[in-house]
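Comments concern the structure below.
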Number of protein chains: 2
Amino acid sequence: MAMATQHTPQGQEPAGRQRTRRSPAPHERQRDAERTKARILDAAVEVFSAKGFDRARVTDIAERAGVNQQLISYYFNSKRGLYREIGRRWRAYEAETIPDDLDFAEQIKHGVRASVDPRLGGRLLAWDGLYDTGEDDEETQERNAQLQHEVQVLRERQRAGEIDDRFDPAALILIGLSAGNALAVYPHLARGLFGTDTVSPELVEHYAEQLAQVISSLPAAAPPSVPGSHK
Amino acid sequence: MAMATQHTPQGQEPAGRQRTRRSPAPHERQRDAERTKARILDAAVEVFSAKGFDRARVTDIAERAGVNQQLISYYFNSKRGLYREIGRRWRAYEAETIPDDLDFAEQIKHGVRASVDPRLGGRLLAWDGLYDTGEDDEETQERNAQLQHEVQVLRERQRAGEIDDRFDPAALILIGLSAGNALAVYPHLARGLFGTDTVSPELVEHYAEQLAQVISSLPAAAPPSVPGSHK
DNA sequence: AGAATAGTCAAATCGCCGTTTGATTAAATC
DNA sequence: GATTTAATCAAACGGCGATTTGACTATTCT
């Protein structure tokens, strides 16, 4: 692919270019592929998350990353490749970041805050879901494993009596997750509902609080229905 | 989904009065603009809902509607125009369809079932939210009014003691709505969580049940904190 | 130093897809 | 049955935007 490099045949050498020759301390080199790649990735997350795959312009991504757009092909082959790479890194990141020994409600709060951060993945998740075609590539498989693990954790708590038996952990997770992403996915509704003209940090906090409250008010043990009563 | 299928505005033909040339009973004429428009609209809802605006192909829509794609420009000016028309009719439809005197939990169940019907609007709502740019056109204004009304309804129930005062009705609505749409918006997660390889009607029913259970288990009155405590 | 290569870029290409054009056929009117 | 007009279509157009091409420049290695 990118190995058709050839020596420059000729050209006028601009004389008198003064450059000091310093040893490359890794963080101050000007040419650092990894750093540049990271910048592109960051910009890409922002743009993809905001506009979705189709509406995202690679020019836009390149611009924000401060590089030429061809560089994106150079590093990631294609727009799709870039997107996939984001997916990979993202899953790795959240796998190692989200501690599942947190209190469920705390986890939710954390999730809500994270979901609206444009650099984080709430919206990406929604885009993926909407674009989903029903066939499971290996990428989704991986995520599913993580989800199943979450289910296990909840089931554990259920067994410990923290959660009523009638609830299906899988359903609870989906509910929490989708509700947690709500501000990020339905900003237009949020504005209408809360009467603000933007989704402010305060609103995020308020909503996180509310959602956590809902979650944590789920009945813990068997329902308060008196044994022997009807229904 | 009869949303687009209200046509034949021209009214009551005097019975027994027949034209010499067998005046076409409105439902059996071959050339019926309204009917065709409705077919296009229906197909469009399906495609837009499934693929989103950008990925939807007007060829695809035309094909499903059984018409030539130019007809779409003819009737709706543009792809965007078609999309907007859907929005208009959709809001009208749901405004007159969803009865707000239902039990909240019932409403939720109804919502969940509706949201996964591919021909209905759960996904459209999510697309709109993700594509949202923060500026409110008149279209959203209209929806916001409806939402505010919903908020009022909930506030009412809150006043009646059915819902704990600590909950913000607006937040509850957003939670219910987003969670209700979850199967439609995150089908990939749903498959992973529930271990099915498709979102079956049974799953829909199960999930609706679960969500309703969560909603209806929200504390009704003041918290069980001991009365007579401080403040 | 100089060869080799990693990093960067501007500009041309090319396919896709929404829209326009201009004609055609069927229905309604007289 | 002739005229008008509503409905339909096939084919050409044109723009947008991702990708390719082909070079150029800085860095690193020996």
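For clarity, every value in this text was computed on a predicted model and none was experimentally measured. First the proteins, then the strands, lettered A, B, ... as listed; each starts at 1.
C:dG18 atom P lies 16 Å from atom CZ of B:F76, rounded to whole Å. Across the protein-nucleic acid pair, A:D54 atom CG and D:dG17 atom C1' stand 12 Å apart, rounded to whole Å. Atom pair B:L82:CG and C:dT19:C1' shows a separation of 14 Å (rounding to whole Å applied). For A:R39 and C:dG7, the CZ to P distance is 13 Å, given to the nearest whole Å. Protein atom CZ of A:R80 is 15 Å distant from nucleotide atom C1' of D:dG17, rounded to whole Å. Following rounding to the nearest Å, A:K51 (NZ) and D:dG17 (C1') show an atom-to-atom distance of 13 Å. To the nearest angstrom, C1' of D:dT19 lies 14 Å from CG of A:L71. Look at CZ on A:R55: it is 15 Å from P on D:dC16, rounded to the nearest Å.
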For each nucleotide in nucleotides 11-16 of chain C, reading 5' to 3', give B when a protein heavy atom comes within less than 4.0 Å of its base, S when such contact involves only the sugar-phosphate, and - otherwise.
------

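Listed by chain and residue number, nothing satisfies the salt bridge (Lys or Arg N to Asp or Glu O under 4.0 Å) test with B:K79 (two or more places apart in sequence, or in another chain).
Residue A:T36 places at least one side-chain N or O under 4.0 Å from the OP1 or OP2 atom of C:dT8. Checking the phosphate oxygens (OP1, OP2) of C:dT19, no side-chain nitrogen or oxygen of B:Y74 falls inside 4.0 Å.
The two atoms that bring A:F76 and A:E85 nearest to each other are CE2-CG, 3.9 Å, heavy atoms only. Between B:A179 and B:Y207 the shortest heavy-atom distance is O-OH, 2.7 Å.
Between B:Y83 and B:F48, the distance separating the two ring centers is shorter than 6.0 angstrom.
Judged by a 6.0 Å distance limit and a 45° cone about the ring axis, A:R80 is positioned over the six-membered ring of A:F53.
Counting non-hydrogen atoms under 4.0 angstrom, B:A62 reaches nothing in the nucleic acid.
The side-chain heavy atoms of A:L189 and B:L125, taken from C-beta on, include a pair separated by under 4.5 Å.
Of the candidates D:dC9, D:dT19, D:dT8, the closest approach to any side-chain atom of B:Y75 belongs to D:dT8.
With A:Y186 as the partner, the side-chain hydrogen bond (donor to acceptor under 3.5 Å, both in side chains) test is satisfied by one option alone out of B:D132, B:D128, B:N181: B:N181.
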